[in-house]
Protein chains: 2
Amino acid sequence: MSARLGVVSVVQAMIYDLRSRIFDGEIPPGTPLGEVDMAAHYGVARPTAKAALENLVASGLLTRNAHQSARVTVLDSADARDIYQTRAIIEAEAVRLLASTGHVPQAAHEANAQITALADASPAQIIEPDLKFHAALVNALDSARTSAIYAQLSDEIRLCMTHVQDATLLSTENIAAEHQRLLDQINSRDAQGAASTLADHLGRASKKLEAHLDLIQQNGK
Amino acid sequence: MSARLGVVSVVQAMIYDLRSRIFDGEIPPGTPLGEVDMAAHYGVARPTAKAALENLVASGLLTRNAHQSARVTVLDSADARDIYQTRAIIEAEAVRLLASTGHVPQAAHEANAQITALADASPAQIIEPDLKFHAALVNALDSARTSAIYAQLSDEIRLCMTHVQDATLLSTENIAAEHQRLLDQINSRDAQGAASTLADHLGRASKKLEAHLDLIQQNGK
DNA sequence: AGGTCAATATTGTCTAACAAGTACACATGC
DNA sequence: GCATGTGTACTTGTTAGACAATATTGACCT
(Lines give C-alpha, C1' and ligand atoms only; values in the text may rest on other atoms or scores of the structure.)
Protein backbone atom coordinates (compact mmCIF):
# COMPACT_ATOMS: atom_id res chain seq x y z
CA MET A 1 0.00 0.00 0.00
CA SER A 2 2.97 2.27 0.46
CA ALA A 3 3.96 4.49 -2.40
CA ARG A 4 6.62 2.93 -4.57
CA LEU A 5 8.11 6.26 -5.56
CA GLY A 6 10.14 8.28 -3.16
CA VAL A 7 9.44 6.62 0.12
CA VAL A 8 9.86 3.01 1.07
CA SER A 9 10.12 3.20 4.84
CA VAL A 10 9.06 5.53 7.59
CA VAL A 11 12.65 6.25 8.50
CA GLN A 12 13.54 7.20 4.93
CA ALA A 13 10.52 9.46 4.73
CA MET A 14 11.63 11.25 7.87
CA ILE A 15 15.16 11.59 6.55
CA TYR A 16 13.91 13.02 3.27
CA ASP A 17 11.63 15.52 4.95
CA LEU A 18 14.20 16.67 7.49
CA ARG A 19 16.78 17.12 4.74
CA SER A 20 14.36 19.31 2.81
CA ARG A 21 13.54 21.40 5.83
CA ILE A 22 17.20 21.89 6.67
CA PHE A 23 18.16 22.84 3.12
CA ASP A 24 15.21 25.21 2.83
CA GLY A 25 16.40 27.02 5.93
CA GLU A 26 13.23 26.19 7.83
CA ILE A 27 15.41 24.54 10.46
CA PRO A 28 18.43 26.83 10.82
CA PRO A 29 21.87 25.61 11.91
CA GLY A 30 22.17 25.14 15.65
CA THR A 31 18.57 24.08 16.16
CA PRO A 32 18.32 21.18 18.63
CA LEU A 33 16.40 18.18 17.33
CA GLY A 34 15.49 15.93 20.25
CA GLU A 35 14.42 12.37 19.62
CA VAL A 36 11.16 12.70 21.52
CA ASP A 37 10.30 15.99 19.81
CA MET A 38 10.91 14.55 16.37
CA ALA A 39 8.96 11.40 17.23
CA ALA A 40 6.02 13.53 18.36
CA HIS A 41 6.24 15.86 15.35
CA TYR A 42 6.15 13.03 12.84
CA GLY A 43 3.89 10.75 14.84
CA VAL A 44 6.38 7.89 14.97
CA ALA A 45 8.02 5.88 17.73
CA ARG A 46 11.21 7.15 19.29
CA PRO A 47 13.45 4.40 17.87
CA THR A 48 12.25 5.36 14.40
CA ALA A 49 13.08 9.00 14.99
CA LYS A 50 16.39 7.94 16.46
CA ALA A 51 17.29 5.98 13.34
CA ALA A 52 16.51 8.95 11.12
CA LEU A 53 18.55 11.33 13.26
CA GLU A 54 21.48 8.93 13.34
CA ASN A 55 21.43 8.74 9.57
CA LEU A 56 21.58 12.51 9.29
CA VAL A 57 24.38 12.64 11.85
CA ALA A 58 26.31 10.14 9.74
CA SER A 59 25.88 12.31 6.65
CA GLY A 60 27.14 15.37 8.51
CA LEU A 61 23.95 17.43 8.44
CA LEU A 62 23.42 16.91 12.16
CA THR A 63 25.97 16.88 14.96
CA ARG A 64 25.58 15.12 18.25
CA ASN A 65 27.56 14.43 21.39
CA ALA A 66 26.73 11.50 23.64
CA HIS A 67 23.57 12.02 25.67
CA GLN A 68 22.85 15.34 24.04
CA SER A 69 20.24 16.35 21.53
CA ALA A 70 21.31 16.32 17.91
CA ARG A 71 21.66 19.79 16.43
CA VAL A 72 21.76 21.04 12.89
CA THR A 73 25.46 21.29 12.18
CA VAL A 74 26.95 24.75 12.51
CA LEU A 75 29.79 25.24 10.06
CA ASP A 76 32.58 27.72 10.59
CA SER A 77 35.11 29.09 8.13
CA ALA A 78 37.48 26.19 8.80
CA ASP A 79 34.76 23.74 7.83
CA ALA A 80 34.00 25.65 4.65
CA ARG A 81 37.68 25.64 3.80
CA ASP A 82 37.90 21.90 4.34
CA ILE A 83 34.76 21.21 2.34
CA TYR A 84 35.98 23.27 -0.58
CA GLN A 85 39.43 21.72 -0.41
CA THR A 86 37.87 18.26 -0.57
CA ARG A 87 35.62 19.07 -3.48
CA ALA A 88 38.54 20.75 -5.24
CA ILE A 89 40.55 17.53 -5.03
CA ILE A 90 37.81 15.45 -6.59
CA GLU A 91 36.73 17.98 -9.19
CA ALA A 92 40.29 18.84 -10.21
CA GLU A 93 41.06 15.24 -11.07
CA ALA A 94 37.66 14.94 -12.74
CA VAL A 95 38.28 17.79 -15.14
CA ARG A 96 41.78 16.46 -15.83
CA LEU A 97 40.34 13.09 -16.79
CA LEU A 98 37.62 14.67 -18.90
CA ALA A 99 40.16 16.89 -20.61
CA SER A 100 42.31 13.88 -21.44
CA THR A 101 39.52 12.63 -23.70
CA GLY A 102 38.12 16.03 -24.64
CA HIS A 103 34.66 14.86 -23.67
CA VAL A 104 32.38 17.62 -22.39
CA PRO A 105 29.39 16.23 -20.45
CA GLN A 106 26.05 17.23 -21.92
CA ALA A 107 24.57 17.67 -18.45
CA ALA A 108 27.22 20.26 -17.60
CA HIS A 109 26.34 22.26 -20.70
CA GLU A 110 22.67 22.22 -19.80
CA ALA A 111 23.27 23.20 -16.19
CA ASN A 112 25.36 26.18 -17.25
CA ALA A 113 22.68 27.24 -19.70
CA GLN A 114 20.27 27.28 -16.78
CA ILE A 115 22.62 29.54 -14.85
CA THR A 116 22.88 31.94 -17.77
CA ALA A 117 19.10 32.05 -18.05
CA LEU A 118 18.81 33.06 -14.39
CA ALA A 119 20.86 36.20 -14.97
CA ASP A 120 18.66 38.58 -12.99
CA ALA A 121 16.95 36.15 -10.64
CA SER A 122 17.52 36.08 -6.93
CA PRO A 123 20.99 34.87 -5.93
CA ALA A 124 19.67 31.89 -4.02
CA GLN A 125 18.26 30.34 -7.18
CA ILE A 126 21.72 29.98 -8.63
CA ILE A 127 22.73 27.42 -6.03
CA GLU A 128 20.86 24.47 -7.50
CA PRO A 129 22.04 24.72 -11.12
CA ASP A 130 25.56 25.51 -9.92
CA LEU A 131 25.61 22.31 -7.88
CA LYS A 132 24.20 20.48 -10.87
CA PHE A 133 26.98 21.80 -13.08
CA HIS A 134 29.74 20.63 -10.79
CA ALA A 135 28.03 17.30 -10.10
CA ALA A 136 27.75 16.74 -13.85
CA LEU A 137 31.53 16.97 -14.18
CA VAL A 138 32.03 14.35 -11.48
CA ASN A 139 29.23 12.07 -12.64
CA ALA A 140 30.71 12.02 -16.13
CA LEU A 141 33.52 9.87 -14.74
CA ASP A 142 30.97 7.06 -14.58
CA SER A 143 32.14 5.87 -11.18
CA ALA A 144 29.34 4.97 -8.79
CA ARG A 145 31.47 5.41 -5.69
CA THR A 146 32.97 8.70 -6.79
CA SER A 147 29.50 10.03 -7.53
CA ALA A 148 28.21 8.82 -4.18
CA ILE A 149 31.05 10.52 -2.34
CA TYR A 150 30.46 13.74 -4.22
CA ALA A 151 26.74 13.58 -3.54
CA GLN A 152 27.44 13.38 0.17
CA LEU A 153 29.83 16.29 -0.15
CA SER A 154 27.16 18.24 -2.02
CA ASP A 155 24.94 17.99 1.04
CA GLU A 156 27.55 19.77 3.10
CA ILE A 157 27.98 22.39 0.39
CA ARG A 158 24.23 22.96 0.47
CA LEU A 159 24.43 23.28 4.23
CA CYS A 160 27.10 25.95 3.78
CA MET A 161 24.67 27.92 1.66
CA THR A 162 21.99 27.93 4.33
CA HIS A 163 24.43 29.79 6.56
CA VAL A 164 24.83 32.72 4.18
CA GLN A 165 21.38 32.53 2.60
CA ASP A 166 20.84 35.99 1.15
CA ALA A 167 24.38 37.04 0.41
CA THR A 168 25.48 37.13 -3.21
CA LEU A 169 28.78 35.33 -3.27
CA LEU A 170 29.58 35.83 -6.92
CA SER A 171 27.83 37.48 -9.80
CA THR A 172 25.87 35.17 -12.04
CA GLU A 173 27.63 36.24 -15.21
CA ASN A 174 31.06 35.60 -13.77
CA ILE A 175 30.10 32.12 -12.65
CA ALA A 176 28.62 31.17 -15.99
CA ALA A 177 31.62 32.61 -17.84
CA GLU A 178 34.11 30.70 -15.72
CA HIS A 179 32.14 27.52 -16.21
CA GLN A 180 32.13 28.04 -19.95
CA ARG A 181 35.85 28.65 -19.96
CA LEU A 182 36.31 25.40 -18.06
CA LEU A 183 34.24 23.49 -20.59
CA ASP A 184 36.19 25.05 -23.46
CA GLN A 185 39.47 23.97 -21.92
CA ILE A 186 38.14 20.45 -21.45
CA ASN A 187 37.02 20.41 -25.04
CA SER A 188 40.44 21.53 -26.26
CA ARG A 189 42.10 18.86 -24.11
CA ASP A 190 43.94 21.41 -21.98
CA ALA A 191 44.05 19.37 -18.77
CA GLN A 192 46.46 21.63 -16.93
CA GLY A 193 44.54 24.76 -17.87
CA ALA A 194 41.19 23.25 -16.92
CA ALA A 195 42.53 22.15 -13.54
CA SER A 196 43.93 25.61 -12.99
CA THR A 197 40.68 27.34 -13.93
CA LEU A 198 38.75 25.07 -11.61
CA ALA A 199 41.16 25.65 -8.73
CA ASP A 200 40.80 29.41 -9.16
CA HIS A 201 37.04 29.18 -9.46
CA LEU A 202 36.66 27.15 -6.28
CA GLY A 203 39.41 28.99 -4.43
CA ARG A 204 37.69 32.32 -5.01
CA ALA A 205 34.31 30.97 -3.91
CA SER A 206 35.87 29.40 -0.84
CA LYS A 207 37.58 32.61 0.22
CA LYS A 208 34.34 34.59 -0.05
CA LEU A 209 32.46 31.94 1.86
CA GLU A 210 35.08 31.76 4.61
CA ALA A 211 35.08 35.52 5.05
CA HIS A 212 31.31 35.54 5.26
CA LEU A 213 31.20 32.79 7.86
CA ASP A 214 33.85 34.54 9.94
CA LEU A 215 31.72 37.66 9.85
CA ILE A 216 28.62 35.80 10.97
CA GLN A 217 30.43 34.08 13.79
CA GLN A 218 31.78 37.40 15.01
CA ASN A 219 28.35 39.03 14.94
CA GLY A 220 26.70 36.11 16.67
CA LYS A 221 29.22 36.27 19.45
CA MET B 1 32.53 3.01 34.42
CA SER B 2 32.78 2.27 30.70
CA ALA B 3 36.20 2.20 29.12
CA ARG B 4 37.19 5.52 27.64
CA LEU B 5 39.42 3.94 25.04
CA GLY B 6 37.99 2.14 22.05
CA VAL B 7 34.40 1.51 22.98
CA VAL B 8 31.81 3.94 24.21
CA SER B 9 28.57 2.19 23.31
CA VAL B 10 27.35 -1.35 22.79
CA VAL B 11 26.53 -0.61 19.17
CA GLN B 12 30.02 0.70 18.50
CA ALA B 13 31.55 -2.33 20.16
CA MET B 14 29.53 -4.61 17.90
CA ILE B 15 30.51 -2.62 14.85
CA TYR B 16 34.17 -2.77 15.79
CA ASP B 17 34.09 -6.50 16.41
CA LEU B 18 32.16 -7.32 13.25
CA ARG B 19 34.55 -5.20 11.20
CA SER B 20 37.50 -7.12 12.61
CA ARG B 21 35.91 -10.47 11.93
CA ILE B 22 35.06 -9.50 8.37
CA PHE B 23 38.53 -8.14 7.63
CA ASP B 24 40.17 -11.19 9.19
CA GLY B 25 38.20 -13.41 6.86
CA GLU B 26 36.44 -15.14 9.75
CA ILE B 27 33.14 -14.08 8.18
CA PRO B 28 33.63 -14.54 4.44
CA PRO B 29 31.77 -12.52 1.78
CA GLY B 30 28.24 -13.72 1.17
CA THR B 31 27.64 -14.85 4.74
CA PRO B 32 24.13 -13.89 5.91
CA LEU B 33 24.05 -11.92 9.14
CA GLY B 34 20.51 -11.97 10.54
CA GLU B 35 19.51 -9.49 13.19
CA VAL B 36 18.32 -12.15 15.62
CA ASP B 37 21.45 -14.27 15.11
CA MET B 38 23.72 -11.31 15.75
CA ALA B 39 21.68 -10.25 18.75
CA ALA B 40 21.96 -13.76 20.21
CA HIS B 41 25.68 -14.04 19.41
CA TYR B 42 26.55 -10.79 21.15
CA GLY B 43 23.92 -11.06 23.86
CA VAL B 44 22.21 -7.79 22.96
CA ALA B 45 18.70 -6.76 22.00
CA ARG B 46 17.62 -6.94 18.39
CA PRO B 47 17.32 -3.16 17.91
CA THR B 48 20.94 -2.86 19.04
CA ALA B 49 22.09 -5.49 16.56
CA LYS B 50 19.96 -3.79 13.92
CA ALA B 51 21.70 -0.48 14.50
CA ALA B 52 25.12 -2.08 14.17
CA LEU B 53 24.18 -3.89 10.98
CA GLU B 54 22.71 -0.74 9.48
CA ASN B 55 25.93 1.10 10.18
CA LEU B 56 27.93 -1.55 8.37
CA VAL B 57 25.49 -1.50 5.48
CA ALA B 58 25.98 2.26 5.23
CA SER B 59 29.74 1.81 5.09
CA GLY B 60 29.46 -0.75 2.33
CA LEU B 61 30.77 -3.78 4.20
CA LEU B 62 27.32 -5.35 4.32
CA THR B 63 24.60 -5.39 1.69
CA ARG B 64 20.93 -5.75 2.36
CA ASN B 65 17.65 -5.76 0.45
CA ALA B 66 14.38 -4.92 2.16
CA HIS B 67 13.14 -7.66 4.45
CA GLN B 68 16.20 -9.79 3.81
CA SER B 69 19.13 -10.64 5.99
CA ALA B 70 22.19 -8.48 5.59
CA ARG B 71 25.10 -10.27 3.93
CA VAL B 72 28.78 -9.56 3.82
CA THR B 73 29.19 -7.68 0.54
CA VAL B 74 30.40 -9.77 -2.37
CA LEU B 75 32.52 -7.68 -4.71
CA ASP B 76 32.97 -8.48 -8.37
CA SER B 77 35.55 -7.20 -10.83
CA ALA B 78 33.37 -4.20 -11.71
CA ASP B 79 33.32 -3.19 -8.05
CA ALA B 80 37.08 -3.56 -7.78
CA ARG B 81 37.51 -1.43 -10.88
CA ASP B 82 35.25 1.26 -9.46
CA ILE B 83 36.96 1.22 -6.07
CA TYR B 84 40.39 1.56 -7.63
CA GLN B 85 39.19 4.27 -9.98
CA THR B 86 37.86 6.22 -7.03
CA ARG B 87 41.00 5.88 -4.97
CA ALA B 88 43.07 6.77 -8.03
CA ILE B 89 41.17 10.05 -8.37
CA ILE B 90 41.82 11.05 -4.78
CA GLU B 91 45.38 9.81 -4.56
CA ALA B 92 46.38 11.30 -7.92
CA GLU B 93 45.37 14.77 -6.84
CA ALA B 94 46.99 14.15 -3.47
CA VAL B 95 50.39 13.38 -4.93
CA ARG B 96 50.07 16.35 -7.30
CA LEU B 97 49.44 18.65 -4.36
CA LEU B 98 52.27 17.12 -2.36
CA ALA B 99 54.61 17.43 -5.34
CA SER B 100 53.72 21.09 -5.74
CA THR B 101 55.37 21.75 -2.37
CA GLY B 102 57.90 18.94 -2.53
CA HIS B 103 56.82 17.76 0.88
CA VAL B 104 57.18 14.00 1.42
CA PRO B 105 55.09 12.78 4.39
CA GLN B 106 57.15 11.12 7.10
CA ALA B 107 54.44 8.52 7.67
CA ALA B 108 54.68 7.41 4.04
CA HIS B 109 58.42 6.90 4.40
CA GLU B 110 57.93 4.80 7.50
CA ALA B 111 55.18 2.69 5.98
CA ASN B 112 57.32 1.90 2.96
CA ALA B 113 60.21 0.96 5.21
CA GLN B 114 57.86 -1.53 6.85
CA ILE B 115 57.04 -3.02 3.46
CA THR B 116 60.70 -3.39 2.60
CA ALA B 117 61.32 -5.10 5.92
CA LEU B 118 58.63 -7.68 5.16
CA ALA B 119 60.44 -8.82 2.03
CA ASP B 120 59.99 -12.56 2.56
CA ALA B 121 56.96 -12.57 4.83
CA SER B 122 53.60 -13.96 3.78
CA PRO B 123 51.87 -11.86 1.12
CA ALA B 124 48.91 -11.07 3.34
CA GLN B 125 51.10 -9.13 5.76
CA ILE B 126 51.87 -6.58 3.08
CA ILE B 127 48.29 -5.35 2.96
CA GLU B 128 48.37 -3.33 6.17
CA PRO B 129 51.56 -1.31 5.58
CA ASP B 130 50.56 -0.82 1.95
CA LEU B 131 47.25 0.70 3.03
CA LYS B 132 49.14 2.78 5.56
CA PHE B 133 51.46 4.10 2.85
CA HIS B 134 48.65 5.25 0.60
CA ALA B 135 46.65 6.64 3.50
CA ALA B 136 49.70 8.63 4.59
CA LEU B 137 49.76 10.39 1.22
CA VAL B 138 46.12 11.39 1.55
CA ASN B 139 46.32 12.33 5.22
CA ALA B 140 49.23 14.64 4.47
CA LEU B 141 46.75 16.96 2.76
CA ASP B 142 45.51 17.80 6.23
CA SER B 143 41.85 17.72 5.24
CA ALA B 144 39.58 16.00 7.74
CA ARG B 145 36.87 15.27 5.19
CA THR B 146 39.25 13.98 2.56
CA SER B 147 40.84 11.68 5.12
CA ALA B 148 37.44 10.46 6.29
CA ILE B 149 36.37 9.69 2.74
CA TYR B 150 39.59 7.83 2.09
CA ALA B 151 39.25 5.88 5.33
CA GLN B 152 35.84 4.67 4.24
CA LEU B 153 37.28 3.75 0.87
CA SER B 154 40.07 1.87 2.63
CA ASP B 155 37.46 -0.37 4.22
CA GLU B 156 36.26 -1.43 0.80
CA ILE B 157 39.84 -1.97 -0.34
CA ARG B 158 40.36 -4.22 2.66
CA LEU B 159 37.18 -6.07 1.78
CA CYS B 160 38.60 -6.62 -1.69
CA MET B 161 41.61 -8.29 -0.13
CA THR B 162 39.51 -10.78 1.80
CA HIS B 163 38.20 -12.04 -1.53
CA VAL B 164 41.62 -12.98 -2.83
CA GLN B 165 43.21 -13.75 0.52
CA ASP B 166 46.18 -15.99 -0.33
CA ALA B 167 47.03 -14.77 -3.80
CA THR B 168 50.13 -12.66 -4.26
CA LEU B 169 49.05 -9.73 -6.33
CA LEU B 170 52.42 -8.09 -6.71
CA SER B 171 55.88 -8.89 -5.47
CA THR B 172 56.94 -7.03 -2.36
CA GLU B 173 60.06 -5.57 -3.91
CA ASN B 174 58.19 -4.11 -6.86
CA ILE B 175 55.67 -2.45 -4.62
CA ALA B 176 58.29 -0.90 -2.39
CA ALA B 177 60.31 0.23 -5.38
CA GLU B 178 57.34 1.90 -7.03
CA HIS B 179 56.44 3.59 -3.78
CA GLN B 180 59.97 4.88 -3.44
CA ARG B 181 59.95 6.18 -7.00
CA LEU B 182 56.71 8.00 -6.21
CA LEU B 183 58.21 9.62 -3.13
CA ASP B 184 61.29 10.65 -5.11
CA GLN B 185 59.15 12.33 -7.75
CA ILE B 186 57.18 14.16 -5.07
CA ASN B 187 60.43 15.28 -3.50
CA SER B 188 61.72 16.59 -6.83
CA ARG B 189 58.42 18.40 -7.41
CA ASP B 190 57.59 16.38 -10.51
CA ALA B 191 53.80 16.52 -10.18
CA GLN B 192 53.02 15.12 -13.59
CA GLY B 193 55.51 12.27 -13.17
CA ALA B 194 54.25 11.41 -9.71
CA ALA B 195 50.64 11.34 -10.89
CA SER B 196 51.65 9.12 -13.77
CA THR B 197 53.60 6.72 -11.54
CA LEU B 198 50.65 6.47 -9.18
CA ALA B 199 48.19 5.86 -12.00
CA ASP B 200 50.37 3.04 -13.33
CA HIS B 201 50.85 1.60 -9.86
CA LEU B 202 47.13 1.51 -9.10
CA GLY B 203 46.15 0.55 -12.63
CA ARG B 204 48.36 -2.51 -12.52
CA ALA B 205 47.06 -3.56 -9.12
CA SER B 206 43.48 -3.02 -10.26
CA LYS B 207 43.91 -5.15 -13.36
CA LYS B 208 45.36 -8.02 -11.38
CA LEU B 209 42.60 -7.75 -8.82
CA GLU B 210 39.87 -7.65 -11.46
CA ALA B 211 41.26 -10.70 -13.22
CA HIS B 212 41.41 -12.58 -9.95
CA LEU B 213 37.85 -11.71 -9.02
CA ASP B 214 36.61 -12.76 -12.46
CA LEU B 215 38.38 -16.09 -11.98
CA ILE B 216 36.80 -16.62 -8.58
CA GLN B 217 33.36 -15.77 -9.84
CA GLN B 218 33.71 -18.22 -12.71
CA ASN B 219 34.84 -21.02 -10.43
CA GLY B 220 32.14 -20.34 -7.90
CA LYS B 221 29.51 -20.57 -10.58
C1' DA C 1 31.06 35.35 43.54
C1' DG C 2 32.45 30.74 43.05
C1' DG C 3 32.03 25.98 43.77
C1' DT C 4 29.37 21.81 45.01
C1' DC C 5 25.37 19.10 44.66
C1' DA C 6 20.94 17.62 43.43
C1' DA C 7 17.06 17.74 40.14
C1' DT C 8 15.93 17.47 35.38
C1' DA C 9 15.99 16.19 30.80
C1' DT C 10 17.87 13.49 27.28
C1' DT C 11 19.82 9.68 25.29
C1' DG C 12 21.22 4.48 25.48
C1' DT C 13 19.45 0.04 25.80
C1' DC C 14 16.25 -3.66 26.71
C1' DT C 15 11.95 -6.50 26.58
C1' DA C 16 7.82 -7.76 24.26
C1' DA C 17 4.82 -7.73 20.58
C1' DC C 18 2.51 -7.11 16.20
C1' DA C 19 2.60 -5.99 11.21
C1' DA C 20 4.38 -6.56 6.68
C1' DG C 21 7.02 -8.41 3.25
C1' DT C 22 9.99 -12.00 0.95
C1' DA C 23 11.51 -16.60 -0.14
C1' DC C 24 10.95 -21.26 -0.29
C1' DA C 25 8.58 -25.53 -0.56
C1' DC C 26 4.71 -27.88 -1.41
C1' DA C 27 0.75 -29.16 -3.81
C1' DT C 28 -1.91 -28.73 -7.82
C1' DG C 29 -3.07 -28.59 -12.65
C1' DC C 30 -1.65 -29.06 -17.41
C1' DG D 1 7.60 -33.82 -16.19
C1' DC D 2 7.09 -29.03 -15.85
C1' DA D 3 5.08 -24.75 -14.94
C1' DT D 4 2.08 -22.29 -11.94
C1' DG D 5 -0.11 -20.93 -7.91
C1' DT D 6 -0.65 -20.96 -2.98
C1' DG D 7 0.52 -21.16 1.71
C1' DT D 8 3.61 -21.27 5.35
C1' DA D 9 7.78 -19.95 7.73
C1' DC D 10 11.29 -16.69 8.41
C1' DT D 11 13.02 -12.09 8.49
C1' DT D 12 12.69 -7.45 8.89
C1' DG D 13 9.92 -2.94 10.02
C1' DT D 14 7.73 -0.50 13.53
C1' DT D 15 5.60 0.37 17.86
C1' DA D 16 5.06 0.67 22.98
C1' DG D 17 6.72 1.06 27.49
C1' DA D 18 10.29 0.92 30.83
C1' DC D 19 14.70 1.45 33.21
C1' DA D 20 19.61 2.88 33.41
C1' DA D 21 23.26 6.10 32.55
C1' DT D 22 24.83 10.64 31.71
C1' DA D 23 25.18 15.68 30.64
C1' DT D 24 23.11 20.03 31.65
C1' DT D 25 21.11 23.32 34.57
C1' DG D 26 19.82 25.58 38.40
C1' DA D 27 19.72 26.07 43.36
C1' DC D 28 22.04 26.12 47.41
C1' DC D 29 25.76 26.71 50.42
C1' DT D 30 30.21 28.54 51.63
Side-chain angles (χ1 to χ4, degrees), chain A residues 1-19 22 27-74 220-221, chain B residues 1-19 22 27-74 220-221:
Chain A
M1 194 67 87
S2 66
R4 274 291 157 205
L5 296 176
V7 171
V8 286
S9 81
V10 178
V11 176
Q12 299 233 334
M14 265 196 71
I15 293 170
Y16 182 84
D17 190 71
L18 278 172
R19 281 170 51 92
I22 291 172
I27 310 177
T31 309
L33 267 50
E35 295 182 0
V36 287
D37 298 338
M38 289 303 104
H41 185 282
Y42 286 99
V44 299
R46 190 162 73 93
T48 304
K50 183 188 187 65
L53 292 175
E54 276 171 355
N55 184 295
L56 293 172
V57 168
S59 67
L61 264 50
L62 266 43
T63 309
R64 163 157 73 171
N65 299 339
H67 294 97
Q68 270 175 274
S69 290
R71 288 167 181 275
V72 180
T73 302
V74 179
K221 197 179 256 180
Chain B
M1 191 67 88
S2 65
R4 275 289 158 207
L5 296 175
V7 171
V8 285
S9 81
V10 178
V11 175
Q12 299 235 334
M14 262 196 73
I15 292 170
Y16 182 83
D17 190 71
L18 277 173
R19 281 169 51 93
I22 291 172
I27 310 178
T31 308
L33 266 52
E35 294 182 359
V36 288
D37 297 339
M38 289 303 104
H41 184 282
Y42 286 99
V44 299
R46 189 163 73 94
T48 304
K50 182 188 187 66
L53 292 175
E54 275 171 356
N55 183 296
L56 293 171
V57 168
S59 68
L61 264 51
L62 301 180
T63 308
R64 163 155 75 170
N65 299 339
H67 294 96
Q68 272 174 274
S69 292
R71 288 167 181 276
V72 180
T73 301
V74 178
K221 198 175 253 183

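Note on naming: letters A, B, ... go to the chains in the order of the sequence lines (proteins, then strands), and numbering restarts at 1 for each one. Values below: every heavy atom of this structure, side chains too, minus hydrogens, waters and symmetry copies.
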Atom [atom1] of [X] and atom [atom2] of [N]: how far apart are they, to the nearest Å?
X: B:His67; N: D:dA9; atom1: NE2; atom2: P; answer: 19 Å
X: B:Leu53; N: D:dT11; atom1: CG; atom2: P; answer: 13 Å
X: A:Asn65; N: D:dT24; atom1: CG; atom2: C1'; answer: 12 Å
X: A:Ile15; N: D:dT14; atom1: CD1; atom2: P; answer: 10 Å
X: A:Asp37; N: C:dT10; atom1: CG; atom2: C1'; answer: 10 Å
X: A:Arg71; N: C:dT10; atom1: CZ; atom2: P; answer: 11 Å
X: A:Leu33; N: C:dT10; atom1: CG; atom2: P; answer: 13 Å
X: A:Tyr42; N: D:dT15; atom1: OH; atom2: C1'; answer: 19 Å

message = Would the distance check show the side chain of A:Ser69 and the main-chain N or O of A:Leu33 forming a donor-acceptor pair, the cut-off being under 3.5 Å?
response =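 It does not hold such a pair.
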ask   = Is there a donor-acceptor contact under 3.5 Å from the side chain of B:Arg71 to the main chain of B:Thr63?
value =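 Side chain of B:Arg71 to backbone of B:Thr63, a donor-acceptor pair under 3.5 Å: no, none is there.
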request  = Using the side-chain contact (heavy atoms from CB on, under 4.5 Å) rule, take A:Ile22 and A:Leu62 through it: C-alpha gap first, then chi angles, then the decisive distance, then the call.
outcome  = CA-CA 10 Å; A:Ile22 291 172; A:Leu62 266 43; 3.6 Å; yes
ask   = Can you tell which of D:dT15, C:dT11, C:dC14 lies closest to the side chain of A:Val44?
value =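 Between D:dT15, C:dT11, C:dC14, the one nearest the side chain of A:Val44 would be D:dT15.
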inquiry  = The side chain of A:Ser9 is closest to which nucleotide in this list: C:dT13, D:dA23, D:dT14?
reply    = D:dT14
ask   = OP1 or OP2 of C:dA9 sitting under 4.0 Å from any side-chain N/O of A:Ser69?
value =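 No.
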ask   = Would you say a side-chain N or O of B:Lys50 is under 4.0 Å from OP1 or OP2 of D:dG13?
value =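 For D:dG13, OP1 or OP2 has a side-chain N or O of B:Lys50 closer than 4.0 Å.
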key: Verdict with supporting geometry, B:Val72 and B:Leu61, side-chain contact (heavy atoms from CB on, under 4.5 Å)   = CA-CA 6 Å; B:Val72 180; B:Leu61 264 51; over 6 Å; no
ask   = Within the modelled atom types, does a donor on one side and an acceptor on the other bring the side chain of A:Arg46 and the base of C:dT10 under 3.5 Å apart?
value =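 No pair found.
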key: Nearest-nucleotide 5' precedence on DNA chain D, A:Thr48 against A:Gln68   =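 Comparing both residues, the 5'-ward one is A:Thr48.
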key: Gap separating the CG atom of A:Asn55 from the CD atom of A:Gln12, nearest 0.5 angstrom   = 7.5 Å
